[in-house]
Number of protein chains: 2
Amino acid sequence: MLSTTTKRPTVEDVARKANVSVATVSRVLANVDPRRFSAETAERVRKAAREMNYQPSELGRSLRTATARAAALLVPDTTNEFCADVASSLEGALQRNGLSMMLCNTAEDPAKQDAYLEQIESRGISAIVLQGVVESPALLRMSAGGTPMVFVSRRPPDPVKGDFVGVDNRGAGADVADHFLSKGYEDCAAIHGSLRYAASRERLIGFSERLGQHGVSLVAERRIQSQLTPEAGHRHARALLSGKSPPRAIFCGNDSIAYGVYRAAIDMGLRVPNDLAIFGFDDNRLNRWLAPWLSTVHVPVSDFGEAVAGLLKEQSLGGKREPRTVLLPHSLAIRESA
Amino acid sequence: MLSTTTKRPTVEDVARKANVSVATVSRVLANVDPRRFSAETAERVRKAAREMNYQPSELGRSLRTATARAAALLVPDTTNEFCADVASSLEGALQRNGLSMMLCNTAEDPAKQDAYLEQIESRGISAIVLQGVVESPALLRMSAGGTPMVFVSRRPPDPVKGDFVGVDNRGAGADVADHFLSKGYEDCAAIHGSLRYAASRERLIGFSERLGQHGVSLVAERRIQSQLTPEAGHRHARALLSGKSPPRAIFCGNDSIAYGVYRAAIDMGLRVPNDLAIFGFDDNRLNRWLAPWLSTVHVPVSDFGEAVAGLLKEQSLGGKREPRTVLLPHSLAIRESA
DNA sequence: TTGTACGCGTTATCAC
DNA sequence: GTGATAACGCGTACAA
């Protein structure tokens, strides 16, 4: 007879059916030391479990072991394509390591980030991945508290230490500067993300330092701080390009900004790259189809997940470690726009 | 003195500090019937909790109540922009309703979907949102089991019933057909998603039926089944356009396909819309910046989250309900490409 | 209005 | 090898 609301079987049910104690069931199914139970009982238990379609409750296990087999990913903007790709890559890698993923949107807001960190703690979640971290009180507290933690893209804000996965932002910025110089784009500007974010800061510093080494200085009016969205890029580009001395080239903090800048240029009747050169950062997956013209720094985002998962595994093995940094190789994707 | 690994305080700690029993603490903090405790004890408890920075363990609560305050979102392809936008919209709406979100990538694979459904069950997760469901054994079992469940975009496969949030796919397909007819694009084709997916099926049926009503028949060679990616769209478009009778216009199953079709057309030296008209579906957020030329069916994706959250809330209130359908308004965004 | 005591499903510790 | 049993942190029926 089919009852619609059959309760899930528990260890106890399996134990009864297999004629053993709950302890044995747990031992067999958790696959501890195979010397701790005989092969035949093991078979009996497994058979019973299979027949009742038993699935251990992750809830019970989590409570007992004080750790849920899940990781939380905090991103600053779920709709940003780069973030979405990181999420995708990480979700796959975590799944392969037996971890579920909880996705949290911090919207660059320290309060929201803290609220999520509290929730994460109260759920016993055993690993935290911060893609685009912001400074916040709970972050400091938790980073001291031993939960495995990996920072992606942006390095942790100052007192906080932790593993990092990203690219050599400074080097990449310098590479773009080299390219601009080789093209004769001395008359250039940068529309970059907030300097409170390490990644944005490093990209800008690498860029302007290299320019400086060749006698080109990036004056303050040519360093525009912006949100990392097409909307913001569009707005700032309009202002910049309709000013009294519009630049010949713009280095953008990410591809999203570059999309907005491009649109602004087109709207204003400028030709890219003849009138304005544009350089992005990230090389979003969709570029191949929708922005094949965009010169940008290629970031191997699909490799981020595995790198992060690897570090989390290392950390969970315990033992004192120095914070590690994994720098994935970037490259310049030189296309039409610059 | 600052201990680095202070254990989290529990109800018991708070109770001791406030000189009450654990029951009282629980009652006060859960905000049950305010008649069940005096205002002054309540204040004492809250003060103690605040001072110790007490956060209830969601794990303990979940185990006790057999329901975690979280929802799972299953998507067929995390990197698809439409899915990402649904995820973003839903995450916000859930958060406002006090629910966390677990993100699961099924990759259109029934086995993966089932693995996730098992996990979800074992975590006591109280709500399931399936964006782009596929048919699978566990789905049938769980849909009978009372867990609140909402289907997004694609209606549930046949024996399964459940609430639905999406657009009138059939009507939208017909609208596109009308537009094609008004433009004189009788000589057209469709590159659509798998017919096993209700949404793809309905879009195609609406489109071809309306054409048929005007004496235009969409022959089999002009109905191309495709994955919902730019890569697949590109591949199929190349084949179609280099065949002996290339169509004058193509209706695509979603914007991703349309991006690939567009690229194929450009690569082959065709002008859009002069040589080939293209119509998409979804109106991805990025279109404004990267594909402002794409005519497409606008879907109000940012409203999906609230709609889903609303249905989940209704369902969790219990009581027998007939499956509800929420159809959000679509519209044709007529731009250059068609 | 408050407190005591039990149970949610699991794993770990101890006996045997 | 295996079995009782005690936690984990919480909510709640019941008693006071």
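Naming: A, B, ... by sequence-line order, numbering from 1 per chain.
- Distance, A:Arg123 CZ to D:dC8 C1': 17 Å, rounded to whole Å.
- A salt bridge links B:Glu43 with B:Arg50: at least one charged nitrogen is closer than 4.0 Å to a carboxylate oxygen.
- Atoms CG (B:Leu59) and C1' (C:dG9) sit 11 Å apart, rounded to a whole Å.
- Remark: C1' of D:dC8 and NZ of B:Lys7 are 9 Å apart, rounded to the nearest angstrom.
- In this model, no side-chain donor or acceptor of A:Arg64 finds a partner on the base of C:dA12 within 3.5 Å.
- A salt bridge is defined here as a Lys NZ or Arg NE, NH1 or NH2 lying under 4.0 Å from an Asp or Glu carboxylate O, and A:Glu118 with A:Arg141 meets this definition.
- The closest side-chain heavy-atom distance from A:Val152 to A:Phe304 is below 4.5 Å.
- The phosphate of D:dG9 (OP1 or OP2) has no side-chain N or O of B:Thr10 nearer than 4.0 angstrom.
- In this entry the distance linking CD of B:Glu12 with P of C:dA5 reads 13 Å, nearest Å.
- Counting only distance, with no hydrogens or angles, the side chain of B:Ser89 and the backbone of B:Gly305 share a donor-acceptor pair below 3.5 Å.
- For the pair A:Arg321 and A:Asp163, the salt-bridge criterion is met [side-chain N within less than 4.0 Å of a carboxylate O].
- Here C:dT2 is the nucleotide among D:dG3, C:dT2, D:dC10 with the atom lying nearest to any side-chain atom of B:Thr24.
- One distance of note links CZ of B:Arg196 with CD of B:Glu108; it measures 8.0 Å at 0.5 Å rounding.
- Set against D:dG9, D:dC10, D:dG3, the side chain of B:Pro56 has D:dC10 as its closest nucleotide.
- Considering only the side chain of B:Val22, C:dA5 comes nearest among D:dC10, D:dT2, C:dA5.
- A sub-4.0 Å separation between OP1 or OP2 of D:dG11 and a side-chain N or O of B:Arg61 is present.
- Checked for salt-bridge contact, A:Lys47 and A:Glu51 meet the test: a charged N lies under 4.0 Å from a carboxylate O.
- Listed nucleotides: C:dA12, D:dG9, D:dC10. Nearest to the side chain of B:Leu63: D:dG9.
- Taking 4.0 angstrom as the limit, B:Ser21 places a side-chain polar atom (N or O) nearer than this to OP1 or OP2 of C:dG3.
- Among the heavy atoms of the strands, none lies under 4.0 Å from A:Ala66.
- One atom, CZ of A:Arg8, and another, P of C:dG9, lie 9 Å apart when rounded to the nearest Å.
- Shown for residues 26-46 of chain B: residues whose heavy atoms fall under 4.0 angstrom of DNA chain D, namely B:Ser26, B:Arg27, B:Arg36.
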